[in-house]
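We name chains A, B, ... by the order of the sequence lines, and we start the count at 1 in each one. Note that the structure is a prediction, hence the values are computed from the model and not measured. Computed over heavy atoms, backbone and side chain alike; hydrogens, waters and symmetry mates excluded.
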2 protein chains.
Amino acid sequence: MKRANDSPPTLADVAHKAGVGTTTVSRVINGGERVSQKTLDRVQAVIAQLGYMPNQAARILKGERAKTIGMVIPSIADSFFSSCAEAAQEIARSHDSLLIVTVTNNDPHIELENLNVLMRHRTDGLLIAPANYQSETLAAFLGRSHVPAVSFDRPVEKGTIASVLTDNYRGALEATHHLVEHGYKRILCLGGETTLYTIRERLRGFREAMQQAKQTHGATALIDMSVKDYRSAEYAVQSHLSGPTPPDAIFTVKNSTTIFAFESLQKLRISVPKTVALLGFDDFELASTLRPSISVVQQPIEDLGRIAAELLFAQLLMTEKGRPAPSRKRPEHVKLETRLVLRNSCGCTPGTA
Amino acid sequence: MKRANDSPPTLADVAHKAGVGTTTVSRVINGGERVSQKTLDRVQAVIAQLGYMPNQAARILKGERAKTIGMVIPSIADSFFSSCAEAAQEIARSHDSLLIVTVTNNDPHIELENLNVLMRHRTDGLLIAPANYQSETLAAFLGRSHVPAVSFDRPVEKGTIASVLTDNYRGALEATHHLVEHGYKRILCLGGETTLYTIRERLRGFREAMQQAKQTHGATALIDMSVKDYRSAEYAVQSHLSGPTPPDAIFTVKNSTTIFAFESLQKLRISVPKTVALLGFDDFELASTLRPSISVVQQPIEDLGRIAAELLFAQLLMTEKGRPAPSRKRPEHVKLETRLVLRNSCGCTPGTA
DNA sequence: CTGTTAGCGCCTTCAC
DNA sequence: GTGAAGGCGCTAACAG
């Protein structure tokens, strides 16, 4: 026999067995245009019998779409990014494409490595939450490789790629305003990882709000960005609250910080919101089940992933239809709104819990 | 100019520009054996200058590894599977491979579709948490396609592929025993999705434990597998607890059921564990932060993904080295142990909370 | 409607 | 140490 019978059958195998030319088989598997019903049936029968599947690699080599997009994120286990990934996967699927997920741990070096691998595989496009939004290396890389890319959650400042971001600044601004309106005078902003775009924006929003509140309400801003894990959170909470002029409200800039802070407060038996109020950026699964329930700034996570993917495929269809001339339309920059979800920890008493 | 300057440079481009043959360039990018230092340097310079990257599709076509493995799971957003995915991704990365994640929503039809797409892309191997562990279609598909596959979390009963599973039966058995030893007499098993392998195994464990407890402790088993969402959970909890002979303990068979049950109990102001104890299968992020903290059966989630991936790559290296003769070693079946994490909701009082 | 043919980019004998 | 040539599986001209 000619072929090892464990290697997948090829188009030629099908053609041979069906007694037709390769072109005909090719036509059959690509919609069956310009093929007589009779041959079509016969060929399809052979395909089914042999369990033939087109070799995507060969198609890619011929210059077709790889039907694959790459996603570069800090972590999959993080529910934020896994939700984005799921949304993107869904869009990819609807475009008959696969999603390759790579994780960077926020390490720019690993990120670049991942991008390289993805380029080798000739993915049609890239979805990326950059480790370092100010990196020129990344911007240059993305600019050089002519692969459509969309950043999400974080921008790529130096470059010109499309982005889908949450309005972190405004979300933090509004959250802080809310605390101020509750009458809290000494508001502590708690967090870490200040190199991240999202954190900086949130901090900026907090600062701006407090700047205003200083005038209007005589409120004072406290900032402690030393929180990295539970230990540092507990230390921070304890030291701030046992000081001479403790905060009466805490604004946590991210998910995990909120949780750490709450756990610390709980452990130290500090009453929330009586002694200190708590309001966090980013919702999380049991925020409404904890006692007190935690007020948060909620962002439209799935939308981030979904819209980023949609933008990417829009670009792909663009460059497919239109003449290779990339029609220099400036890249889209979508900014999504947050929603302030008021529960009990900020001092509100919505509904009847 | 010959080539459109926006299409990636090819090996031939490099060869031409460096004034050498393609063979030489090929050697350079594959380790640089049998190439003089001088040409090596020159070629590498050109490669860097052109930003050349080998086209993986061409390599695949030549019969090389795709350096890609496919993962087929019910959902990415689910923290259980995203953790598995992250672990698998890490192993893949360490083997210089990419991970393609596809999601099935536990729909066997979508699952098969995903598998087909993955086959087209000639992934080197498959990691799968089958939607239906009893499916003959799936088993047949996996058997026919000669791609190494490892199932995890759930087996593929009819086939002969390797698997990495949690010992759900024993985990549930021990958990139930624990409740019995607390002295609870009427224990309710609460859950849903009884078609899933994991659920069935847990239910089996519960039944077995209660069977024994009936004799030894005079305990009674109650079973309600009607829980699908929060509403059904609340309904179930309410009706059971308001009945004439309410349960004094609840064993929830999965993550989300545990949470729904807890939320229901909280809403109905039913004291835990005083009025009813609660013990759930599967740990979750804030289980120890809730009040009372929730006792759970913890499974080694990351290990599932990691070991499954390791097994897969072991198979890959196998078939690479050894003669194509697949050495008919029977597939490995790894079973991982659970851990009973005792917190407050079952009636225990570990540490000082 | 259908078949023949020429590559896509790479690796791999085989000569030099 | 180096190069030329063939072919992996597929599609897209071109013939017929």
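Toward the 5' end of DNA chain C, the nearer of the two residues B:N55 and B:R34, judged by each one's closest nucleotide, is B:N55. Each of A:R27 and B:G63 has a nearest nucleotide on DNA chain D; the 5'-most of these lies closest to B:G63. When each of B:T39 and A:S26 is assigned the nucleotide of DNA chain D bearing its nearest heavy atom, the one mapping closer to the 5' terminus is B:T39. Mapping B:L61 and A:T23 onto DNA chain C by nearest heavy atom places A:T23 at the nucleotide closer to the 5' end.
Taking all atoms of both residues into account, the shortest heavy-atom contact from B:A18 to B:V43 is CB-CG2, 4.2 Å. Taking both residues in full, the closest heavy atoms of A:R59 and A:N30 are given as NH1-OD1, 3.6 Å, listed atom of the first, atom of the second, then distance.
Contact between the side-chain N/O atoms of B:S36 and the OP1/OP2 oxygens of D:dT2 is found at a separation under 4.0 Å. Phosphate proximity of C:dC11 to B:N30: present, with a side-chain N or O under 4.0 Å from OP1 or OP2.
Listed nucleotides: D:dA5, D:dG3, C:dC10. Nearest to the side chain of B:T24: D:dG3. Checking C:dC11, D:dG9, D:dT11 against every side-chain atom of A:E64, the shortest atom distance belongs to D:dT11. Nearest to the side-chain atoms of B:K62 among the listed nucleotides D:dA12, D:dC10, D:dG7 stands D:dG7. Nearest nucleotide to the A:V20 side chain, out of C:dT5, D:dC10, C:dG3: C:dG3.
When the P atom of C:dC11 is taken as reference, atom CZ of B:R65 falls 16 Å away, rounded to whole Å. Atom pair A:H16:NE2 and C:dG3:C1' shows a separation of 15 Å (rounding to whole Å applied). The CG atom of B:L50 sits 15 Å away from the C1' atom of C:dG9 (whole-angstrom rounding). Between the NE2 atom of B:H121 and the C1' atom of D:dG9 there is a distance of 15 Å, rounded to whole Å. Note: CG (B:D13) to C1' (C:dC10) measures 13 Å, nearest angstrom. Rounded to a whole Å, the CD1 atom of B:I60 is 14 Å from the C1' atom of C:dC8. In this structure, A:R122 places its CZ atom 14 Å from P of C:dC8, rounding to the nearest Å. The CG-C1' distance, from B:L11 to D:dA4, rounds to 14 Å in whole Å.
Nucleic acid contact class of B:L40 (heavy atoms, under 4.0 Å, all strands): none. Residue-level contact check: A:R59 touches the backbone only, with heavy atoms under 4.0 Å from sugar-phosphate atoms and none from bases.
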Run the side chain to side chain donor-acceptor pair (under 3.5 Å) check on B:T39 and B:S36 step by step: do they pass? CA-CA 6 Å; B:T39 32; B:S36 74; 2.6 Å; yes
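Defined by atom type and a distance below 3.5 Å, a donor-acceptor pair is present between the side-chain atoms of B:E86 and A:S75.
A:H333 has its side chain out of reach of A:L165: every pair of non-hydrogen atoms, C-beta onward, lies at least 4.5 Å apart.
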